[in-house]
Amino acid sequence: MLGTMGTLFGKAPSSHVGLYNTVTEFRVGGHLGERLDANERSWIQPLLENNSNLFGAFMRPDSNRLFKCMWHGEFPGKILTGVAQTYLTSHAPETRAVGDRMVDSLARAQREDGYLGPWSDRERFDNLPEKWDTWGHYHCMYGLLLWCKVTGSKKALEVACRAADCMYDYFIRGKIFFASQNWGECNFAPSHIFALLYEETRDPRYLEAAEYIVQQEWKVPYHDFYTNSTLACNWLEAALDGIPFCHSPQKRWESLYTLTSLYTLYRITGKQQYADAMESLWWGIVQYDRHNTGSFGTGEGATGDIYGTGSETCNTVAWMTFSTEYLKLSRNSYVADELELSLLNATLGSQLGDKEFVYMNSSDGVRVSSQIELAPHSFEGGREMNCCQASGNRGLSHFTRWGVLNDGENIYLNYYGESQIRFETPAGRPIEIEQQTDYPKSGSVRISVLPERAERFGLCLRIPVWSHRTFVKVNGEAVDDVEPGRYLRLERKWRSGDVVELEFDMRIHYWVGAERVEGKSSVYYGPVLLSIAEPADQVARYRFTSESFEGIEWVDRPGHWFSAQIRTMDGKSVEVEDYATKPAEKPYTTWLPVETTLPCATFDRNGAPVWDY
């Protein structure tokens with residue numbers, strides 16, 4: 001049974017809904033728009049010609065001789081998800097054609113029983129060699145479902161449902177543990193797509209499978225490769241006991257995809273334990289594992305070190321996916337602040353040039369293309385393939401999933417930047433929001449509200465936690481009671497041409513470091529992390545004060561987003577620039593020696609968990 005195509009994962013016909021997404025077009029300009037457009041033209045649109053064997057192992061699982069890493073099956077799905085999101089930003093026919101061709105290829109490759117992976121009949125699922133087979137299925141099915149939501153493709157939904165039926169028959173009816181594949185942090189991910197497909201089709205088997213994985217499989221012991229020990233993930237019980245993710249038995253980044261199913265299951269069932277567990281997990285990650293760049297984890301997982309040296313690109317994309325679902329659950333504007341931090345720093349910083357993405361993105365260091373560091377993932381006819389390259393565009397275009405959200409009475413505007421966004425009002429009518437701004441270069445944002453018909457609803461504007469003094473006008477009249485770290489709700493009968501003006505507080509603010517970065521600070525201009533394009537040992541010789549950054553004036557410089565000259569305590573002129581735009585192999589440093597009387601950052605989920613003046 002095929003469901004309706006009205007929302008992008010989120011509007012459930014139950015009383016337990018949170019926020020949902022009705023975006024049909026999300027065009028962005030400015031720096032982000034330039035970066036995304038360049039990636040669409042250089043990576044997405046020529047993708048299938050440049051990687052002619054992307055589907056080779058899927059089409060010929062019994063006869064191909066292609067090299068396959070354990071996660072080979074994820075590549076088409078991760079990429080298709082990015083293609084769907086990118087298509088929302090451009091509606092380019094060339095991008096639409098790529099997505100349609102990918103769906104056609106997956107449909108042709110699908111086996112009679114619905115299997116949708118690159119492994120032969122004797123190797124699939126829990127058979128040797130060990131692999132991330134249901135993980136690959138998850139990403140392909142997720143991409144297919146999103147393509148269905150964005151374009152209305154029934155074929156995409158049908159292929160995803162047949163793959164779900166195959167997994168249900170093999171594991172649930174066949175009484176075979178998903179954990180028998182090992183790599184539970186990866187292979188439990190289908191819980192999320194099962195829950196989403198239940199919302200789409202109302203097939204009770206899918207809800208049964210999703211809850212079974214969360215309630216049962218998360219407790220099943222399996223052999224963990226990285227610790228060479230037997231463990232059970234036990235995320236649900238640990239989260240409900242208040243144990244941070246970094247102290248759970250399994251803490252790798254891949255886990256976030258199965259954990260994302262917690263909100264979907266709450267939305268469906270109303271079971272409070274799912275919402276409570278997700279809240280506990282999200283705040284635990286912010287407290288212990290979110291770096292100054294907005295990235296998540298150190299290396300390839302949670303370590304409890306917020307000053308860790310680097311995060312995999314895939315980590316951050318998974319973190320943004322998880323955070324988007326928690327934003328829908330919590331309606332907490334601070335979660336959108338975190339998503340903006342991740343987008344404008346870690347995510348843009350993971351893009352090298354127009355096309356490539358990095359493997360590791362560090363607070364201090366250099367950037368190296370994933371196509372160099374992760375070249376062993378690739379294969380003949382797929383030399384551009386690796387996990388981070390496949391994830392990169394998905395992260396870059398992920399703002400389409402959280403930038404504007406709805407509930408039954410309100411519109412929540414989370415994304416700020418030059419843009420034209422088309423979606424639906426709470427009553428289901430067409431509306432466009434147009435933003436004229438150079439934010440985050442300045443704090444001035446002019447928002448035109450353009451409903452097709454006049455309608456009363458609440459427009460909830462995200463007021464960033466770092467903007468201590470924000471000024472708001474509606475049709476020229478000032479608005480009072482504007483609080484940082486909250487949504488400002490403006491309820492009225494909105495008519496086409498109504499204008500909201502925002503002026504954010506763009507004074508410099510700081511994250512004062514501790515532990516290995518004691519005596520140093522991260523410096524932010526609005527949501528943008530600043531850096532110096534020199535090695536950390538060279539930067540350590542400088543001494544700055546807060547006066548060094550006061551009255552900072554940005555100048556246009558080719559190849560830079562932000563660039564300015566500041567002075568050290570002894571009068572030396574030093575260039576400071578944004579963290580995000582760095583060429584390969586160019587050293588940079590974000591933890592800067594700033595002499596300040598501010599205290600070290602302490603976590604406070606009811607205040608500003610990181611930033612201060």
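Note that the structure is a prediction, hence the values are computed from the model and not measured. Below, all heavy atoms of this structure are taken into account, side chains as well, without hydrogens, waters or symmetry copies.
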Looking at D407 and R331, does any basic side-chain N land under 4.0 Å from a carboxylate oxygen? yes
For C388 and L374, the nearest pair of non-hydrogen atoms, with its separation, is SG-CD1, 4.0 Å
Using the ring centroid of each side chain, check whether H377 and W71 are separated by less than 6.0 Å. yes
Between Y416 and F504 (judged by ring centroids, cut-off 6.0 Å), do the two rings come close enough to count as a pair? yes
Short side-chain donor-acceptor distance under 3.5 Å, Y115 and Q110: no
Report yes or no: do Q45 and T95 form a side-chain donor-acceptor pair below 3.5 Å? yes
* Decide whether a cation-pi geometry holds between K441 and F562; the criteria are a distance under 6.0 Å from NZ or CZ to the six-membered ring centre and an angle within 45° of the ring axis. => yes
Between W561 and W554, is the ring centre distance below 6.0 Å? no
- Just say parallel, tilted or perpendicular for the rings of Y334 and W283, cut-offs at 30° and 60°. parallel
Item to complete: Could you verify whether a donor N or O on one side chain and an acceptor N or O on the other, from S153 and T151, lie under 3.5 Å apart?
Response: no
Nearest heavy-atom contact between C314 and S391 is SG-OG, 3.4 Å
- Message: Determine whether the aromatic ring centres of residues H72 and F379 are separated by less than 6.0 angstrom.
- Response: yes
Checking T86, L80, V317, V83 against R394 for side-chain contact (heavy atoms from CB on, under 4.5 Å), the one that qualifies is V317
| said: Looking only at side-chain N and O atoms, does E325 offer a donor or acceptor that is under 3.5 Å from a partner on T260? | reply: no
*Between Y579 and R367, is there a cation-pi geometry (under 6.0 Å to ring centre, at most 45° from the normal)?*
yes
Could you tell me whether a side-chain N or O of N345 sits under 3.5 Å from a main-chain N or O of L341, the two making a donor and an acceptor?
-> yes
*Run the salt-bridge test on R267 and E199 with the 4.0 Å N-O cut-off and return the result as yes or no.*
yes
Correct closest heavy-atom pair for A336 and N414 would be CB-OD1, 3.6 Å
